[in-house]
Number of protein chains: 2
Amino acid sequence: MSYTDASSAPSLPQSPCVPDPRGSVLRSLFSGRSCHYRHKEHLFLEGDSCAGVFLITSGRVIVYTVTLNGQRQVQSFAGPGDLLGLNFSGLHTTSAEALGDVTADMMPRCVFDRVLQTSDGFRKAIFERIDQMMEAARNQNTLLGCKGALEKTATFLMDLDARFSNGGPSYVPIPMSRSDIADFLGLTLETVSRMLSRLKSQNVIDLPKANCFRILDRRGLYRIAGVEVERIRKCPL
Amino acid sequence: MSYTDASSAPSLPQSPCVPDPRGSVLRSLFSGRSCHYRHKEHLFLEGDSCAGVFLITSGRVIVYTVTLNGQRQVQSFAGPGDLLGLNFSGLHTTSAEALGDVTADMMPRCVFDRVLQTSDGFRKAIFERIDQMMEAARNQNTLLGCKGALEKTATFLMDLDARFSNGGPSYVPIPMSRSDIADFLGLTLETVSRMLSRLKSQNVIDLPKANCFRILDRRGLYRIAGVEVERIRKCPL
DNA sequence: CGTTCAGTTGATACACGTCAATAGTGGTGG
DNA sequence: CCACCACTATTGACGTGTATCAACTGAACG
């Protein structure tokens, strides 16, 4: 009923080295009320009525669903430029929680629907975003269905770097906990920790603290992640 | 870039006992050229340029992607009323292959775009379908990330029944191979076979032949699948 | 009546989960 | 500034679910 989820935050989906700043077009067309959230505050909960669509302007958001037996599946990690709560039924089908301070623009449903109807550019931008979200969901399915623990972890770091590094040699923050990562990758937090340690001991990444890292051997990481060689070509190192 | 995938065929996503005949509204608004495909014939391949959008009118289609190392992830099984190839970038990001005879209406991209712009009803129907697709992708993520082999298999049968049974006591066909099911559920074909045998020996399902089944103990199956009790209430038996 | 291919079933291996102990890390108060 | 606490991450030992490898069975077809 919504694609609030999996993909609102294309969950680090784009190929690395893509120049397009995420949501630039969309942001210029998106008119909403600015909202602020603190660490662990929810933007919305599964089952809430859906007041409007959120465009994240800063910070990170974790998007998840919970199963009957209390297991949590993290659908995506959203960042600046990502859409949340984009659904056409009335209720949110995921929960969204701030990881640290977050600001977002909230566009009421009625406004959203109207602009969608009247603005070709807006509609085009939304559909493009939906494409990205579906692509991200597909990739996540493949990751969960086909990949092993090390492969999953490497893919996660790769996407995190592609999405949130400034391109320079600086360290990339890891704003989510091991448990969050585990629930995203379909692993346990212990396994995530072990795989990170393994990548570190193999000198593929540098991990000076638990919450930030840097890629040391890009080709190595990409190979472990099972990514196409073409992508490696396009990237530095 | 497209949601040709995971969800074009909400992959048996809807809750059972929902009266709405899938795609009824959409079908009346959808004007396309009728196409026919035989068993194992492809509607399109990953990387093909995307000529238009397909609305399946009869038969079943398997939608999948292939990873670098040759593994296949089945994104969905599509049936009558499902949309395929709905993407706004130019290229298909999944492959779609007929399981037995298939008929579909193909609406060229340019027509699709125009109608989307001019018809409010069509746009609404498409967005509703996108909602369903995203929901299906989310559910699939949860299934792949959180569930065990027996749970996955039970969920699959449940969805298959909800989507393709006529509601009566007759047997539901299983048009895809064990290997197809395995690639959909992130298992091996051997494990799928074992889980089916288990459900059969527990008298939860009847499986007289490999390619059709019937639910004997609906509540039992739903409990194994990890589905909410409310849903069980709504259903016979 | 073979041949072929999909499915089933069995034996074994291994990846990852589980349980448990240890080590960091950040915050608060003396 | 150090001591203490709470919490998260790491590491280790062990168990188990599912993959892997392999043999067997059954159905479709010539």
Side-chain angles (χ1 to χ4, degrees), chain A residues 38-40 62 67 69-74 99-100 143-157 171 173-202 205-213 224 226, chain B residues 39-40 62 67 69-74 97 99-100 143-157 171 173-202 205-213 224 226:
Chain A
R38 302 187 185 290
H39 186 53
K40 296 212 168 185
I62 181 170
T67 66
N69 34 23
Q71 293 177 91
R72 181 180 63 155
Q73 176 65 41
V74 173
L99 295 168
L143 178 134
L144 291 168
C146 298
K147 294 187 174 182
L150 188 63
E151 214 171 342
K152 286 178 178 178
T153 309
T155 304
F156 174 74
L157 292 177
Y171 285 85
I174 306 177
M176 63 294 283
S177 72
R178 296 294 183 268
S179 173
D180 293 336
I181 300 171
D183 290 345
F184 182 61
L185 299 177
L187 299 171
T188 59
L189 66 92
E190 292 96 331
T191 299
V192 171
S193 183
R194 268 185 259 271
M195 296 304 123
L196 289 172
S197 298
R198 195 136 113 208
L199 291 171
K200 182 181 180 180
S201 75
Q202 294 177 355
I205 59 166
D206 184 20
L207 189 72
K209 302 167 123 185
N211 61 358
C212 70
F213 80 105
I224 292 170
Chain B
H39 185 53
K40 297 213 168 184
I62 182 170
T67 67
N69 35 21
Q71 292 176 93
R72 181 180 64 155
Q73 176 65 39
V74 172
E97 181 184 330
L99 294 168
L143 179 135
L144 291 168
C146 298
K147 293 186 176 183
L150 189 63
E151 214 172 343
K152 286 178 178 177
T153 309
T155 304
F156 174 73
L157 291 178
Y171 286 84
I174 306 178
M176 63 293 282
S177 72
R178 296 292 183 268
S179 174
D180 293 337
I181 300 172
D183 289 346
F184 182 60
L185 299 177
L187 300 170
T188 60
L189 65 93
E190 291 97 329
T191 298
V192 170
S193 182
R194 268 185 258 271
M195 297 302 123
L196 289 173
S197 298
R198 196 136 114 206
L199 291 170
K200 182 181 179 180
S201 74
Q202 294 176 355
I205 60 167
D206 184 20
L207 190 71
K209 301 167 123 184
N211 61 357
C212 70
F213 81 105
I224 293 170

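Here is the naming used below: chain letters follow the sequence lines, and residue numbers restart at 1 for every chain. Small disclaimer: the values here were computed from a predicted structure and weren't measured.
In this structure Asn211(B) satisfies the side chain to side chain donor-acceptor pair (under 3.5 Å) test with no other residue, sequence neighbours excluded.
Rounding to the nearest 0.5 Å gives a distance of 8.0 Å between NZ of Lys147(A) and OG1 of Thr67(B). The distance from atom NZ of Lys152(B) to atom CD1 of Ile181(B), rounded to the nearest 0.5 Å, is 13.5 Å.
The minimum heavy-atom distance linking Cys212(B) with Leu207(B) is given by the pair O-CD1, 3.4 Å. When all heavy atoms of Ile174(B) and Ala210(B) are compared, the pair lying nearest together is CD1-O, 3.9 Å. In terms of heavy atoms, Gly186(B) sits closest to Leu144(B) at N-CD2, 3.8 Å. Closest approach of Phe184(A) to Gln73(A), counting heavy atoms only: O-NE2, 3.5 Å.
Residues Leu150(B) and Leu199(B) have side chains in contact (heavy-atom distance under 4.5 Å, counting atoms from C-beta outward). Phe213(B) is not listed as a side-chain neighbour of Leu196(B), based on a closest heavy-atom distance of 4.5 Å or more.
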Letter by letter from the 5' end, nucleotides 15-21 of chain C scores (B base, S sugar-phosphate only, - none; protein heavy atoms under 4.0 Å) -SSBB--

Using a cut-off of under 3.5 Å, enumerate the N/O to N/O pairs linking the protein to nucleotides 5-7 of chain C.
from	atom 1	to	atom 2	distance (Å)
dG7(C)	OP2	Arg178(B)	N	3.3

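Protein chain B contacts DNA chain D over a range whose 5' and 3' limits, counting nucleotides with an atom under 4.0 angstrom from a non-hydrogen atom, are dT18(D) to dC21(D).
Put simply, the side chain of Ser193(A) never gets that close to the backbone of Leu189(A): no donor and acceptor are under 3.5 Å apart. At least one donor-acceptor pair under 3.5 Å links the side chain of Thr155(A) to the backbone N or O of Glu151(A).
Listed by first and then second residue, the salt bridge (Lys or Arg N to Asp or Glu O under 4.0 Å) pairs that reach into residues 174-194 of chain B are Arg72(B)-Asp180(B), Arg72(B)-Asp183(B), sequence neighbours excluded.
Each end of the helix from dC1(C)-dG30(D) to dG30(C)-dC1(D) gets its own rotation axis from five pairs of C1' atoms, and the angle between them is 30° to the nearest 10 degrees.
In this structure, Lys200(A) places its NZ atom 10 Å from P of dG24(C), rounding to the nearest Å.
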